Protein chains: 2
Amino acid sequence: MNNRIQELRKNRNWSPASLAEKLDVSRQTVNALERGRYDPSLPLAFSIARLFDLTIEEVFQPDQD
Amino acid sequence: MNNRIQELRKNRNWSPASLAEKLDVSRQTVNALERGRYDPSLPLAFSIARLFDLTIEEVFQPDQD
DNA sequence: CCCCTATGTAAAGTCTGCTTTACTTATTCT
DNA sequence: AGAATAAGTAAAGCAGACTTTACATAGGGG
């Protein structure tokens with residue numbers, strides 16, 4: 001699963017730590033998501049999409065197969 | 001998180017077991033998702049939405065806080 | 001250079017998502 | 001009614017999502 005979290009965060013000039021705060025997760029979690037170490041839970045994916053005013057499909061793209 | 005999985009499955013006249021097969025998960029997982037015992041992973045949420053030709057937002061609705 | 005704050009990253013622990021096995025309760029067919 | 005198949009559910013176990021603690025690296029301002 002690819003995501004545009006880092007790109008969207010940088011567009012807003014937000015630090016990893018402040019994004020973590022807005023999402024109510026640890027900054028380690030933001031780092032892991034941006035690096036693609038794991039996928040967010042579905043509720044966290046919703047929080048992320050809504051924070052950036054996008055749909056989940058606009059933020060996350062499943063791997064091709 | 002609420003979801004419309006059972007409704008969408010019944011509209012297609014699919015059994016829980018055959019939905020499980022299409023999604024490549026166990027029928028226990030389908031049962032648990034329909035009963036709201038837990039949320040699917042993000043990749044599984046994508047599989048479900050695409051199977052029904054809907055967006056994730058059309059299938060899953062986060063709880064109102 | 002030293003200090004401070006931001007950032008990356010790792011390890012251990014907890015909780016959730018999902019599987020396998022297995023038992024129970026329908027439902028359907030003869 | 002009895003047999004066969006479908007469906008609900010529970011327990012144990014593994015993997016993944018996330019936290020806390022902690023340490024290392026990097027940059028900027030005095």
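Note that this is a predicted model, so its numbers are computed, not measured. Reckoned from all heavy atoms, side chains included, excluding hydrogens, waters and symmetry mates. Just so we're on the same page: letters track the sequence lines, and every chain starts at 1.
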Query - Whole angstrom value for the distance that separates C1' of C/dT16 from CE of B/Met1 - result: 13 Å

Query raised in the report: Is the backbone N or O of A/Pro16 less than 3.5 Å from a side-chain atom of A/Arg27, with the two atoms forming a donor-acceptor pair by type?
Result: no

Query raised in the report: To the nearest angstrom, how far is A/Gln28 atom CD from D/dA22 atom C1'?
Result: 10 Å

Query raised in the report: Between C/dT7, C/dC18, D/dA7, which nucleotide gets closest to the side-chain atoms of B/Leu44?
Result: C/dC18

Query raised in the report: Do the side chain of B/Glu57 and the main chain of A/Ile56 share a donor and acceptor less than 3.5 angstrom apart?
Result: yes

Query raised in the report: Does B/Ser15 or B/Arg37 map to a spot on DNA chain D nearer the 5' end, using the closest nucleotide for each?
Result: B/Ser15

Query raised in the report: Can you tell me if A/Glu58 uses its side chain to pair, donor with acceptor, with the backbone of A/Thr55 under 3.5 Å?
Result: yes

Report summary line: note: B/Arg35, atom CZ; C/dG17, atom P; distance rounded to Å ~ 14 Å

**Report entry** Between C/dC18 (P) and A/Asp39 (CG): distance, integer Å
**Finding:** 11 Å

Query raised in the report: Just to confirm, is there a sub-4.0 Å distance from OP1 or OP2 of C/dC18 to any side-chain nitrogen or oxygen of B/Ser41?
Result: yes

Requested in this report: Could you please spell out the steps behind the side chain to side chain contact (heavy atoms under 4.5 Å, CB included) verdict for A/Leu19 and A/Leu51?
Outcome: CA-CA 9 Å; A/Leu19 174 57; A/Leu51 179 61; 3.5 Å; yes

Query - Spacing between A/Tyr38 atom OH and C/dT9 atom P, to the nearest angstrom - result: 13 Å

**Report entry** Polar side-chain contact B/Arg27-D/dG8 base: donor and acceptor under 3.5 Å
**Finding:** yes

Report summary line: Separation of C/dA6 atom C1' from A/Trp14 atom CH2, nearest Å, is 18 Å

Requested in this report: Ignoring backbone atoms, establish whether A/Ser26 has a side-chain N or O less than 4.0 Å from OP1 or OP2 of D/dT19.
Outcome: yes

Query - B/Val25 side chain, from C-beta outward: closest of C/dG17, D/dG8, C/dT19 - result: C/dT19

Report summary line: A/Leu33 atom CG is separated from C/dG8 atom P, nearest whole Å, by 13 Å

**Report entry** Value in whole Å for how far the P atom of C/dT24 lies from CG of B/Asn31
**Finding:** 18 Å

Report task. Start with the C-alpha distance between B/Leu33 and B/Phe60, add both sets of side-chain angles, then the distance that settles side chain to side chain contact (heavy atoms under 4.5 Å, CB included), and finish with yes or no. Result -> CA-CA 11 Å; B/Leu33 295 175; B/Phe60 301 92; over 6 Å; no

Report task. Look at all strands and tell whether A/Thr29 reaches a base, only sugar-phosphate, or nothing, counting heavy atoms closer than 4.0 Å. Result -> base

